[in-house]
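If you're wondering where the values come from, they're calculated on a predicted model, not measured in any experiment.
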Amino acid sequence: MGSTLVLGLCLLLLSPFPLAFSEKCFPNEKKALLQLKKDLGNPYIITSWNEKEDCCEWYCCVTCDERTNHVISIDISSSIPDANLSGPIPPSIGDLPYLESITFHKLPNLVGPLQPAIAKLTKLKSLFITYTNLSGPLPGFLGQLKNLELIKLSFNNLSGPIPSSLSQLPNLGSLQLDRNKLTGPIPASFGSFNKPGPDLMLSHNQLSGPIPASLGNLDPERIDLSRNKLEGDASMLFGSKKRTQILDLSRNKLSFDMSHLTFPKKSLIWLDLNHNNIYGNIPVSLTKVENLQHFNVSYNPQLSGQIPQGGELQRFDKYSYFHTKLCGSPLPPCNLKADI
């Protein structure tokens with residue numbers, strides 16, 4: 001009797017069919033994932049999402065918490081554009097209440113608006129949706145997801161204004177909305193982000209109006225507002241005590257005096273101001289910046305005077321200073337300067 005029982009247990013443990021109680025995945029979360037797969041057209045990229053297997057063991061695109069076994073991450077990414085996945089983000093994504101991270105990347109047939117059901121995901125820390133054809137407005141409900149640390153919605157077709165409610169996110173470290181079709185101003189409320197404030201990557205949109213003076217209250221490491229229709233002053237973004245690494249304001253309609261700006265000596269590596277209406281002189285303080293790797297003030301026709309000698313400024317060729325009234329190395333000497 002005893003040996004029969006032991007033999008039976010051994011056979012059970014060696015069976016290719018796992019015991020029902022061994023599955024870590026929560027049934028309601030597995031159901032939501034399978035519905036999401038169905039609504040996306042059962043694409044090959046998530047073919048491992050099989051109802052007969054534990055969703056925490058699927059080899060692609062799902063991560064469960066090691067302690068609680070709740071689904072905490074979905075990452076459906078392709079190294080090349082994958083057209084097999086199609087449709088809008090399904091509402092079933094909102095039935096995964098423990099999600100901390102959502103990633104959709106290089107999925108050109110992912111369309112429609114940012115799914116309203118995402119508003120239910122109060123634990124969400126990372127929203128990363130890039131190189132898709134998502135369209136429609138940026139929803140204000142994102143400002144209610146207080147745990148968000150990263151919003152990266154680059155290379156989509158989002159349109160309309162940037163919601164001011166995003167400034168209510170206390171933990172946001174990076175806001176990347178570049179390469180969309182966003183319009184309107186940068187919200188003045190952005191000056192009230194918790195310091196130092198998130199990196200602001202808003203380039204390649206159709207943003208217009210002045211840069212809010214309140215942005216001077218922030219001190220992010222990266223600001224890229226290039227290729228918009230912004231105008232007026234941007235001097236509030238500069239300062240010797242800031243920790244700025246990258247500041248790109250190129251190809252706007254900005255107009256301010258560069259003469260008295262100061263710069264962080266240690267951190268600044270990228271400064272691009274080309275194609276604006278900046279005037280005055282290049283300040284000598286820029287020669288004190290130690291690690292400048294990219295610099296461009298070209299196509300600012302009212303920028304004048306001698307290029308300060310020293311520091312990194314002579315490392316850059318004449319095209320960094322092209323179509324200005326500047327003179328001195330690497331341009332011709334001031335008394336001999338020809339029209340360029």
Side-chain angles (χ1 to χ4, degrees), residues 149-152 154 162 166-167 169 171-179 185-205 207 210-228 230-298 300 303 307-308 310-313 315-316 320-321:
E149 298 172 1
L150 169 67
I151 298 176
K152 185 175 176 65
S154 310
I162 299 175
L166 295 181
S167 63
L169 296 171
N171 302 309
L172 193 65
S174 186
L175 178 62
Q176 302 182 37
L177 305 176
D178 48 300
R179 294 181 186 268
I186 298 172
S189 64
F190 275 20
S192 62
F193 273 115
N194 284 351
K195 292 181 181 180
D199 290 342
L200 294 174
M201 314 303 285
L202 308 179
S203 71
H204 294 79
N205 281 290
L207 300 175
I211 296 174
S214 60
L215 288 195
N217 298 331
L218 304 182
D219 189 17
E221 292 182 341
R222 299 188 300 159
I223 299 177
D224 187 352
L225 308 180
S226 63
R227 293 180 183 265
N228 281 290
L230 300 168
E231 55 191 41
D233 188 18
S235 61
M236 80 293 288
L237 302 178
F238 295 82
S240 60
K241 295 183 179 180
K242 289 185 178 289
R243 56 188 196 127
T244 313
Q245 295 179 6
I246 295 173
L247 181 57
D248 194 338
L249 305 176
S250 61
R251 294 182 181 269
N252 279 287
K253 301 176 181 179
L254 298 168
S255 180
F256 57 93
D257 187 349
M258 190 176 181
S259 306
H260 304 293
L261 298 181
T262 58
F263 309 89
K265 289 173 55 177
K266 301 288 186 182
S267 62
L268 188 64
I269 59 174
W270 184 291
L271 179 60
D272 201 331
L273 305 175
N274 79 78
H275 285 82
N276 279 291
N277 297 308
I278 298 167
Y279 55 91
N281 313 121
I282 296 178
V284 175
S285 59
L286 198 50
T287 65
K288 306 299 182 185
V289 176
E290 297 175 0
N291 298 301
L292 197 59
Q293 297 171 18
H294 175 91
F295 178 68
N296 194 332
V297 291
S298 65
N300 284 285
L303 198 59
I307 298 169
E312 303 294 318
L313 295 185
R315 284 184 54 210
F316 306 104
S320 293
Y321 304 96

Results of side chain to side chain contact (heavy atoms under 4.5 Å, CB included) for N171 - residues two or more places apart only: N147, E149

Which residues pass the side chain to side chain donor-acceptor pair (under 3.5 Å) test with N291, sequence neighbours left out? none

Results of side chain to side chain contact (heavy atoms under 4.5 Å, CB included) for P185 - residues two or more places apart only: none

Side chain to side chain contact (heavy atoms under 4.5 Å, CB included) involving Q176 - partner list, sequence neighbours excluded: L150, K152, S154, S174, D178, M201, R222

Go through the structure and list residues passing ring pair (Phe, Tyr, Trp, His ring centres under 6.0 Å) with F193, not counting sequence neighbours. F190

Suppose we screen for side chain to side chain donor-acceptor pair (under 3.5 Å). Which residues come up paired with T287, at least two apart in sequence or across chains? none

Which residues satisfy the side chain to side chain donor-acceptor pair (under 3.5 Å) test with R251, sequence neighbours excluded? none

Where at least one partner belongs to residues 261-281, residue pairs that pass salt bridge (Lys or Arg N to Asp or Glu O under 4.0 Å), sequence neighbours excluded: K266-E290

Apply ring pair (Phe, Tyr, Trp, His ring centres under 6.0 Å) to H275 and list each qualifying residue two or more places apart in sequence or on a separate chain. Y299

Apply side chain to side chain contact (heavy atoms under 4.5 Å, CB included) to P264 and list each qualifying residue two or more places apart in sequence or on a separate chain. T244, S267, L268

List in chain and number order the residues that pass ring pair (Phe, Tyr, Trp, His ring centres under 6.0 Å) with H294, two or more places apart in sequence or in another chain; answer none if no residue qualifies. W270

Could you pull out all residues at least two apart from D257 that satisfy side chain to side chain donor-acceptor pair (under 3.5 Å)? S259

